[in-house]
Enquirer: 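Mind having a look at this structure? Questions to follow.
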Amino acid sequence: MNVENKAEEQKSLNFLEEIVEADLASGKYKSIVTRFPPEPNGYLHIGHASSICLNFGLTQQYGGYTNLRFDDTNPVTEDTEYVESIKQDIQWLGFEWKNEFYASDYFDQLFDFAIKLISEGLAYVDDSTSEEIAAQKGTPTQPGHRNQFAERSVAENLELFAAMRDGKYKDGEKVLRAKIDMTSPNMIMRDPILYRIKHAHHHRTGDKWNIYPMYDFAHGQSDSIEHITHSVCTMEFVPHREVYNWLIEKLDIYPSRQYEFARRNLSHTVMSKRKLLQLVNEKYVSGWDDPRMPTISGLRRRGFTPESIRDFTDRIGVGKRDNIVELGLLEFCAREHLNKIALRRMVVFDPLKVVLTNYEGAGELLSSENNPEDPNGGNREITFSKELYIEREDFMEEPPKKYFRLAPGKQVRLKSAYIIQCDEVVRDEAGNVIQLNCSYFPNSKSGEDTSGIHVKGTLHWVNAKDCIAVQVNEYDRLFTVENPSDEEGAFTDYINKDSLKIVDKALAEPALKAALVTDRFQFLRKGYFTLDPDSTATHLIFNRTVTLKDSWAKAGAK
RNA sequence: UGACCCAUGGUGUAACGGUAGCACUACUGAUUUUGGUUCAGUCAGUUAAGGUUCGAAUCCUUAUGGGUCAACCA
C-alpha cells in the first residue's frame, strides 16, 4: 500500500462521523453532545459496547461530551443492581461520562410537558382497555380510528390527567395519548400512549408517582433537556423518529436529532436481554458474568481486555444493514492484544511422566522469557530436574508423518531447557503408557546449545517436584450454530454441550501461584488464560479466553 | 395487502459519477526453542433487469431478497 492510499483510508468515515463533520463544518454546532441511554433492566453486552464506543468515541473525536442516562421509565423491570453493573462496565471499557442522569430526574418536567400538550388540544385521556386501543389502532394495512374519548375537552383532560397522577385510578384504567393521526401509515403515529398508570415502586423516585411516561414521551424529551445534538440509536427506532420530531416541534423544545444504525450481531451467541435472562434463569450458564455469556461482565471474566473489545468495535464499524459478525473476529482481536501483553507460563493439562535416566544431581534453575514479544518483559526462573511432566498428547507411539512431537526414538526440545530423546515406554498392567524414560543431551541447554541436534518440535513441560495443581476451564462458543434464533425450535436446542470442559488437576509451574485476576497469561501452546475471581489461595482456577491458532489441529482434521 | 429501512467476496466495512480497496476467514510458502508470533503471497464481491451518462457499486424505475412496525416494553 502506498502512502497516498493510507491517507485516504484514514479519511474514510462512517456515516455518523460524516453527519457530525458536516454539522460542525456548517456551523450548526460548535461541539457535540451524545448520550448512552441504557435501561437498567439487564446487563450490558457486546452489542452495547458498539453503542458505547460510538457515542463516547464521537465526542472524543470531535469535541464535546457524552452523558450516561438511564432510561428508567418502567419501574416494574428496573433495578439498582443493573445501574451499578452498567456503570462498572462502561468504566471498565475505558469511558468517562460527563453527567450521570436518569430519565426519572425529569419526571416533573415531563409532567409539565404533558400539561402543555393537553392544553393545546394535542393530548387526551383515554379510558379504553389496552385491547380496545389495539383494535382501534388498525393494522399495518388498515387505518385506525378515534374513539369518543378523543373528543374530551381540554379542561376535562387536565382534570383527569391530574387525577391519574394523584392515584385516583387503578393500573390500566386510563392512559394519556398524543392526538396525532390515527390514519398514519406509520403505526407509531396513531395516537401513541404517552403515560400509563403504574402503582409501582420506582428504584429512584420511590412511591412518588402513580403514572410513568412511555419511551416515546421520555427519551426524546430527555435528549432535548440535555441538549443532546446527536441522538444515536438502533434501527428499530426509525419509525419512532417521526414521533420524536413531532413532540419536539409541538413542545417547542431543543431540537435534538435522532440517527439510527444497525445493531451489531455476533455469531454463535444470542444478544436479546430476554434470551440472556433465560440462559441465566434456566441455569444454562452460571450467571450474567458466566465466561460464555456475550455480556461485558462475561467477557471480562473470560479474560478479554477492554482494548481488544474496543478494537473489535472499531473493526466492525457501523452501518445500516443487518449483519452477523463472525465470532472469529472477536477472537482475533483478543489474540492480537493478548499476544503483546500476556505472560508466558507452562501448564500441562493431561500429564505424562518423563524420567531423564541420565540426569545426575538434584536439579537446576533455568530462565525463560516472560514474553518474547516484549523486549522489556524480562525473564522468570523455572526449576528443572530428573522427573518432569509433558502433555500426554505430545507423545505418540506410532506418529503420523508430520508429527513433530515425541515418539519412541525421537527427539524434541523442552522449552527453555534441553533436548531429550525417548528411549523407553513404560506401561501399567492394562497396557496404558504411564511413563517415558528419556535421555537428555547436557550440551543442548537452551541458549548455549552446542549439540548440533536439530529438532522440529518444542514442548511445554513442568517439573514434577514443585508444580502445582490448578483447575482450568476450557470455554468454547455457547451455541453450535451461527444464529440460534434463526433455527427451528427453541434457541436453547442449539446450546453447545461442550462449551465448558473442566480440567480438574492441570499441573502448573509455580510462578502461577502469584497470579492476579487482572493478569493475562499465555499457557504455552495452549491458549490465553486469566485467573477466575472464584479462585482461592489453595485452589486456583484459570479461564481460557481463547485458544492459540492451531494449524496442526486443522491439518489433522482434514 | 400498507408504510418505512436495507442490499459490495464466506464475514464486516470502504470507494460520495471516473482503476472495486481494507480487515477477518480460508489456502500456499518462508522464518521460528510456542505447529504461536512475524513475513511474503493466493482464492474470492457490486441481487437482477431496464434507463440517464462519454463513463454507474454510486443517480432514476421496476423487480427480487432481507429486516422493521399492529407492547399501557425500551
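We name chains A, B, ... by the order of the sequence lines, and we start the count at 1 in each one.
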Enquirer: Ignoring backbone atoms, test whether A:Arg321 places a side-chain nitrogen or oxygen under 4.0 Å from the OP1 or OP2 oxygen of B:rU13.
Expert: yes
Enquirer: For the residue pair A:Arg345 and A:Asn370, establish whether any side-chain heavy-atom pair is separated by less than 4.5 Å.
Expert: yes
Enquirer: Please report whether the ring centroid of A:Phe217 lies less than 6.0 Å from that of A:Tyr195.
Expert: yes
Enquirer: Show me the donor-acceptor pairs within less than 3.5 Å that the side chains of residues 372-379 of chain A make with the rest of the protein, sequence neighbours left out.
Expert:
residue: A:Asp374; atom: OD1; partner: A:Asn376; partner atom: N; Å: 2.9
residue: A:Asp374; atom: OD1; partner: A:Gly377; partner atom: N; Å: 3.4
residue: A:Asn379; atom: OD1; partner: A:Glu369; partner atom: N; Å: 3.2

Enquirer: Report the residues that fulfil ring-ring contact (aromatic ring centres under 6.0 Å, His included) with A:Tyr212, sequence neighbours left out, ordered by chain and then residue number.
Expert: A:Phe107, A:His202
Enquirer: Does A:Thr77 reach a base, just sugar-phosphate, or nothing at all? Heavy atoms under 4.0 Å.
Expert: nothing
Enquirer: Would you measure the distance from the C1' atom in B:rA15 across to the matching atom in B:rU46 and give it in whole Å?
Expert: 11 Å
Enquirer: May I ask you to say what A:His460 touches in the nucleic acid, namely base, sugar-phosphate or nothing, with a heavy-atom cut-off under 4.0 Å?
Expert: nothing
Enquirer: Extract from the structure each pairing of a protein N or O with an N or O of nucleotides 34-37 of chain B at less than 3.5 Å, listing the distance.
Expert:
residue: B:rU34; atom: O2; partner: A:Gln522; partner atom: OE1; Å: 2.8
residue: B:rU34; atom: O2; partner: A:Arg525; partner atom: N; Å: 3.1
residue: B:rU34; atom: N3; partner: A:Gln522; partner atom: OE1; Å: 2.5
residue: B:rU34; atom: O4; partner: A:Arg344; partner atom: NH1; Å: 2.3
residue: B:rG35; atom: OP1; partner: A:Arg525; partner atom: NE; Å: 3.4
residue: B:rG35; atom: OP1; partner: A:Arg525; partner atom: NH1; Å: 2.8
residue: B:rG35; atom: O3'; partner: A:Ser551; partner atom: OG; Å: 3.2
residue: B:rG35; atom: N7; partner: A:Arg405; partner atom: NH1; Å: 2.6
residue: B:rG35; atom: O6; partner: A:Phe404; partner atom: N; Å: 2.9
residue: B:rG35; atom: N1; partner: A:Lys402; partner atom: O; Å: 2.9
residue: B:rG35; atom: N2; partner: A:Lys402; partner atom: O; Å: 3.4
residue: B:rG36; atom: OP1; partner: A:Ser551; partner atom: OG; Å: 3.0
residue: B:rG36; atom: N2; partner: A:Glu373; partner atom: OE2; Å: 2.7
residue: B:rU37; atom: O2'; partner: A:Asn339; partner atom: ND2; Å: 3.3
residue: B:rU37; atom: O2'; partner: A:Glu373; partner atom: OE1; Å: 3.1
residue: B:rU37; atom: O2'; partner: A:Glu373; partner atom: OE2; Å: 3.4

Enquirer: Mind listing the N/O atom pairs, protein and nucleotides 59-68 of chain B, below 3.5 Å?
Expert:
residue: B:rG67; atom: O4'; partner: A:Asp322; partner atom: OD2; Å: 3.1

Enquirer: Whether A:Arg152 and A:Asp127 form a salt bridge (side-chain N of Lys/Arg under 4.0 Å from carboxylate O of Asp/Glu) is what I want to check.
Expert: yes
Enquirer: Want to settle it: does A:Phe15 or A:Tyr215 sit nearer the 5' end of RNA chain B, counting the closest nucleotide to each?
Expert: A:Phe15
Enquirer: Roughly, in whole Å, what's the span from CZ in A:Phe441 to P in B:rU33?
Expert: 18 Å
Enquirer: May I have the list of side-chain donor-acceptor pairs in residues 312-322 of chain A shorter than 3.5 Å, sequence neighbours left out?
Expert:
residue: A:Thr313; atom: OG1; partner: A:Arg310; partner atom: O; Å: 2.8
residue: A:Arg315; atom: NE; partner: A:Asp311; partner atom: OD1; Å: 3.2
residue: A:Arg315; atom: NE; partner: A:Asp311; partner atom: OD2; Å: 3.1

Enquirer: A:Glu482 CD to B:rG10 P: how many Å, rounded?
Expert: 13 Å
Enquirer: Look at all strands and tell whether A:Lys170 reaches a base, only sugar-phosphate, or nothing, counting heavy atoms closer than 4.0 Å.
Expert: nothing
Enquirer: Could you tell me if the side chain of A:Glu393 sits less than 4.5 Å from the side chain of A:Arg405, heavy atoms only?
Expert: yes
Enquirer: Regarding A:Val318, tell me which of base, sugar-phosphate or nothing describes its non-hydrogen contacts under 4.0 Å with the strands shown.
Expert: sugar-phosphate
Enquirer: Take atom C1' in B:rG18 and the same atom in B:rA57, then report the distance between them in whole Å.
Expert: 13 Å
Enquirer: By nearest atom, which of the nucleotides B:rA74, B:rA26, B:rG2 is closest to the A:Lys554 side chain?
Expert: B:rA26
Enquirer: In residues 177-185 of chain A, which residues come under 4.0 Å of RNA chain B by heavy atom?
Expert: A:Pro185
Enquirer: Are the side chains of A:Ser256 and A:Glu226 in contact, using a 4.5 Å heavy-atom criterion?
Expert: no
Enquirer: What residues, two or more places apart in sequence or in another chain, satisfy ring-ring contact (aromatic ring centres under 6.0 Å, His included) together with A:Tyr389?
Expert: none
Enquirer: Students often get this wrong, so: under 4.0 angstrom with heavy atoms, is A:Asn186 touching a base, only sugar-phosphate, or nothing?
Expert: nothing
Enquirer: Pick the C1' atom in B:rA14 and in B:rU8, then give their distance to the nearest Å.
Expert: 10 Å
Enquirer: Can you name the salt bridge (Lys or Arg N to Asp or Glu O under 4.0 Å) partners of A:Arg335, sequence neighbours left out?
Expert: none
Enquirer: Among B:rA74, B:rU25, B:rC5, which is the nearest nucleotide to the side chain of A:Glu326?
Expert: B:rU25
Enquirer: Would you mind classifying the nucleic acid contact of A:Ile419 as base, sugar-phosphate or nothing, using non-hydrogen atoms under 4.0 angstrom?
Expert: nothing
Enquirer: How are the rings of A:Phe529 and A:Phe523 set relative to one another: parallel (under 30°), tilted (30 to 60°) or perpendicular (over 60°)?
Expert: parallel
Enquirer: Mind checking whether A:Phe161 and A:Phe111 have parallel, tilted or perpendicular rings, split at 30° and 60°?
Expert: parallel
Enquirer: Just to be sure I understand the rule, does A:Ser128 reach a base, reach only the sugar-phosphate, or reach nothing, if contact means heavy atoms closer than 4.0 Å?
Expert: base
Enquirer: Give the nucleotide from the list B:rA7, B:rC4, B:rC72 with an atom nearest to the side chain of A:Arg196.
Expert: B:rC72
Enquirer: A:Ser12 side chain N/O closer than 4.0 Å to the phosphate oxygens (OP1, OP2) of B:rA15?
Expert: no
Enquirer: Looking at B:rU33, I'd like to know if its phosphate oxygens (OP1 or OP2) sit under 4.0 Å from a side-chain N or O belonging to A:Lys445.
Expert: no
Enquirer: What's A:Gly447 touching, base or sugar-phosphate or nothing? Going by heavy atoms closer than 4.0 Å.
Expert: base
Enquirer: Roughly how many Å is it from NE2 in A:His268 to C1' in B:rG10, rounded to a whole number?
Expert: 12 Å
Enquirer: Considering only the C1' atoms, how many Å lie between B:rA49 and B:rA44, rounded to the nearest integer?
Expert: 25 Å
Enquirer: Determine the interatomic distance between C1' on B:rG21 and the same-named atom on B:rU53; round to the nearest Å.
Expert: 25 Å
Enquirer: With sequence neighbours excluded, tell me which residues meet salt bridge (Lys or Arg N to Asp or Glu O under 4.0 Å) with A:Arg344.
Expert: none
Enquirer: Excluding sequence neighbours, so at least two apart, what forms ring-ring contact (aromatic ring centres under 6.0 Å, His included) with A:His240?
Expert: A:Tyr215, A:Phe237
Enquirer: Which one, B:rC69, B:rU13, B:rG12, comes nearest to the side chain of A:Val325?
Expert: B:rG12
Enquirer: Are A:Asp23 and A:Arg257 close enough for a salt bridge, meaning some N to O gap below 4.0 Å?
Expert: no
Enquirer: Name the closest nucleotide to the A:Asn74 side chain, picking from B:rA74, B:rU33, B:rA70.
Expert: B:rA74
Enquirer: Name the stems that RNA chain B belongs to, where each is three or more consecutive Watson-Crick or G-U pairs with both distances under 3.5 Å?
Expert: B:2-7 with B:64-69, B:10-13 with B:21-24, B:26-30 with B:38-42, B:47-51 with B:59-63
Enquirer: Can you tell me, in whole Å, how much space there is between the C1' of B:rC59 and that of B:rA23?
Expert: 30 Å
Enquirer: B:rC24 and B:rG9: how far apart are their C1' atoms, nearest whole angstrom?
Expert: 12 Å
Enquirer: Taking ring-ring contact (aromatic ring centres under 6.0 Å, His included) as the definition, give me every residue that meets it alongside A:His203, ordered by chain and number, with sequence neighbours left out.
Expert: none
Enquirer: With P as the reference atom in both, quote the distance from B:rC72 to B:rU13 in angstrom, rounded to an integer.
Expert: 33 Å
